[in-house]
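This report concerns only the one structure given below.
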Amino acid sequence: MSFRQFVINNVRRNPKVYGPYFFTSFFAVTMFFVYALLVFHPEFKDNIDSTSETMSYFAMVGFQISQVIIVIFSAFAIFYAVSTFLKTRKAEFGLLLIQGINKKQLVKLIFWENMLAGLAAVFCGIIFGFIFSKVILLICSNILSLTKTLPFYLPWKPMLLTLLVFGLMFLIISFVTSFTVRVNNLKALLASQQQPKKEIKAAWYIALLAVVLIVTGYGVVLVFANRTSFSLLPLFSGVILVVVGTYFFFSQLLVFVLNRLRKKERFFFKRTNLLTFSELIYQMRDNVSTFFIVAVISATAITAMGTSSAIGSSGLAEMSQNPYAITYTSFGKNSVSPDLIQYTENAFKKENYKEATGRFHQISAGDSYYTLLSVDDYNKLMVLRNEPHLSTPKGSVILLPSSNPSLDELSANKPKQIDFQFENEKITMSVDKVAPLNRFAFNYSMSSIEDVTIIANQSDIDTLIRNAEIPFKNPEESPNSEIHYAVFHMADWENTVATAKKLREHVYQWNEKKQDSETNEYASFESLAMEWKNMQQVNGLLLLLTVLCGAVFYTFSAGFIYLRLHSDLKRDEQQYKMLFKIGLTKPELHKIVARQLRVMFFLPLLVAIIHSLVAFIALQNLLDFQIWKNVAIVISIFILVQSLYYFLVKYQYLKQLRRIMK
């Protein structure tokens, strides 16, 4: 048998060792190829630009960053995996040295085994991606809500880039790892499986430090989310504290708790607890790194995918700044041009639409600015979406919040009155009530009451305006202003994208003409359908960036768990064989193994979910819409997938151990 055949047989006859290595590498290669397929697509840019001028740029940057993340993470994960299963083969290497292989040949053997498995994953990933590239482009087109499906093209650039990047990565990893196995001590190699592991010594003060670091990190992140102005430094610091605390949690706090349980004789010597917890403590030296890596990776994947899912929720569109289908806004004394209104009515003549016109008033009272809207204009807007009307007596006002924070503040501390302090007079108006949360096509930045519009009777508003104008002889000097609007709405606003594009082009041309005229009129245009379409594309982009990367992360974390189990399989077989001889039953074996596997599979996931929930609480504080439904779906998917993987591995693991109990 030639050396080449020996290498091929070594890889082919060790599926339990090289299988996970191949599969995780294959998955990473495929995801990298998908990003490259989109980056090099000749028509990708034009399709994205159909709704947003900047979407194409951010999409390309996002895909390229994701490629870099996949390569860096894959290199780390593959190096860790190779190093792990090379340690389990030390006895095999010692046997090969006895049979006559020299150290140089052993290094060469390890190098070519890694290269063979790695290149097989690269070529299979590229071939798989090429075969299904048409399907991939169709799926990506739907996810990104593109107006046209991305056509198929010969992706020779993505294929070449994937081959070069991952080929070079496997070359470097194979070269480095082939020299990491020390073969100087033959006796140590042969006895590697029998060498006892030293228990980790847990100090109570470091265990306490783990709790302090995690809780402090949580606090920093939550405080960061509650601030109106912030930098990324506090957030980054909080994340670092949590990551360091997580490592100490597994390496110190968990070991400390297990040792305390071992000292409780009534618990420790109850049934199979002695075997279960003794084995957990014995394996903690090897499991710490695995638990830590899996927890951090899973938390990253859950947070990224949950955030993407939440931001893409359909509820975000209806809670946007402007919830109406088409809105025209005109600043100054001029109302929205009848020409624009007539053109829009003609465009929607086949639709069952409603329309309303009105105006906001911005007045200056001393050092304060207020935004006001008449009750009549407010109720006209409520008709468009079949919402309740409001009324208030003269001399009173209604406060209308436009964000959740302002609603919460007004609900907790509603002012009894508002004092409008003018130069010659102070007008006091009582606060009648707080209106339900609502948003309009207007920016409230000029209001001294943050995110709040004052609703009042038109006669009271006119009185306030007259007093606000007194100090200014020339109307042009007055900071008081009006914002006129014309709003169109219909139930099926999602289907108005094509019409909205025509209206937008018409408004653009109209503004061009009016800017050269004496009136110098200008009207802004907003379309809820186009905003929602853009949201869909942003969400689709986030899904492609987070879900694919998250899937790669999770695949590698699953591979880490499998490798950890496989590295101890031979020792476990010997241990349970001895226990079986002294009376261990199959049900007891099943119970012990199930407990240990549940800890290995679900403890890191539980820690990851807790970390993610804190991140989602911080995110919820930054957003005005509920994200928990989407978060619950993402977390449930992770738990379901992990549970299926757990049952599959447990079945195979027990099947392997039962052979020695026959």
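Within 6.0 Å of OH on Tyr247 lie no more than 12 heavy atoms contributed by other residues, nucleotides or ligands. Counting non-hydrogen atoms of neighbouring residues, nucleotides and ligands closer than 6.0 angstrom, the CZ atom of Phe123 reaches no more than 12 such neighbours. For CZ of Phe602, the number of neighbouring non-hydrogen atoms (other residues, nucleotides, ligands) closer than 6.0 Å is greater than 12.
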Task: Derivation of the side chain to side chain contact (heavy atoms under 4.5 Å, CB included) call for Phe256 and Ile206 - done: CA-CA 10 Å; Phe256 180 79; Ile206 302 181; over 6 Å; no
request  = Could you walk me through whether Leu605 and Phe601 pass the side chain to side chain contact (heavy atoms under 4.5 Å, CB included) test, one step at a time?
outcome  = CA-CA 7 Å; Leu605 181 62; Phe601 276 80; over 6 Å; no
Quiz prompt | side chain to side chain contact (heavy atoms under 4.5 Å, CB included) between Val242 and Val614, intermediate numbers included | solution = CA-CA 11 Å; Val242 172; Val614 174; over 6 Å; no
CA sep, side-chain torsions, deciding dist, call: Leu171, Phe111, side chain to side chain contact (heavy atoms under 4.5 Å, CB included): CA-CA 8 Å; Leu171 178 65; Phe111 174 82; 3.7 Å; yes
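For the atom pair OH (Tyr645) and CG (Leu597), the distance works out to 10.5 Å, reported to the nearest 0.5 Å. In this structure, Leu640 CG and Ser636 OG are separated by 8.5 Å, a value rounded to the nearest 0.5 Å. Rounded to the nearest 0.5 angstrom, Ile297 CD1 and Phe292 CZ are separated by 9.5 Å. Between the CG atom of Leu253 and the CH2 atom of Trp204 there is a distance of 13.0 Å, given to the nearest 0.5 Å. To the nearest 0.5 Å, atoms CG (Leu119) and SG (Cys124) are separated by 10.5 Å. Note: Leu37 CG to Leu161 CG = 11.5 Å, rounded to the nearest 0.5 Å.
The heavy-atom pair separating Tyr35 from Ile70 by the smallest distance is CE1-CD1, 3.5 Å. Across all non-hydrogen atoms, the minimal contact from Phe250 to Ala295 is CE1-CB, 3.8 Å. Phe638 and Ala301 get closest at one heavy-atom pair: CZ-CB, 3.8 Å. For the pair Ile173 and Ala75, the tightest heavy-atom approach, listed with the atom from each and the gap, is CD1-O, 3.7 Å. A pairwise comparison of heavy atoms in Ala608 and Ala299 identifies CB-N, 3.4 Å as the closest pair. When all heavy atoms of Thr30 and Gly125 are compared, the closest pair comes out as OG1-CA, 3.6 Å.
A donor-acceptor pair under 3.5 Å links the side-chain atoms of Gln252 to the main chain of Ala203, judged by distance alone.
When the options Val599, Val296, Thr246 are evaluated for a side-chain contact (heavy atoms from CB on, under 4.5 Å) with Phe291, the one that passes is Val599. Results of the side-chain contact (heavy atoms from CB on, under 4.5 Å) test with Val165 over Val29, Val68, Val71 single out Val71 as the only residue that passes.
Looking only at side-chain heavy atoms (C-beta outward), Trp628 and Leu613 come within less than 4.5 Å of each other.
Aromatic ring pairs are classed by plane angle as parallel below 30°, tilted from 30° to 60° and perpendicular above 60°; the pair Phe128 and Phe132 is tilted.
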Side-chain donor-acceptor contacts of residues 209-221 below 3.5 Å, not counting sequence neighbours, with atom names and distances?
from, atom 1, to, atom 2, distance (Å)
Thr216, OG1, Val212, O, 2.6
Tyr218, OH, His611, ND1, 2.6

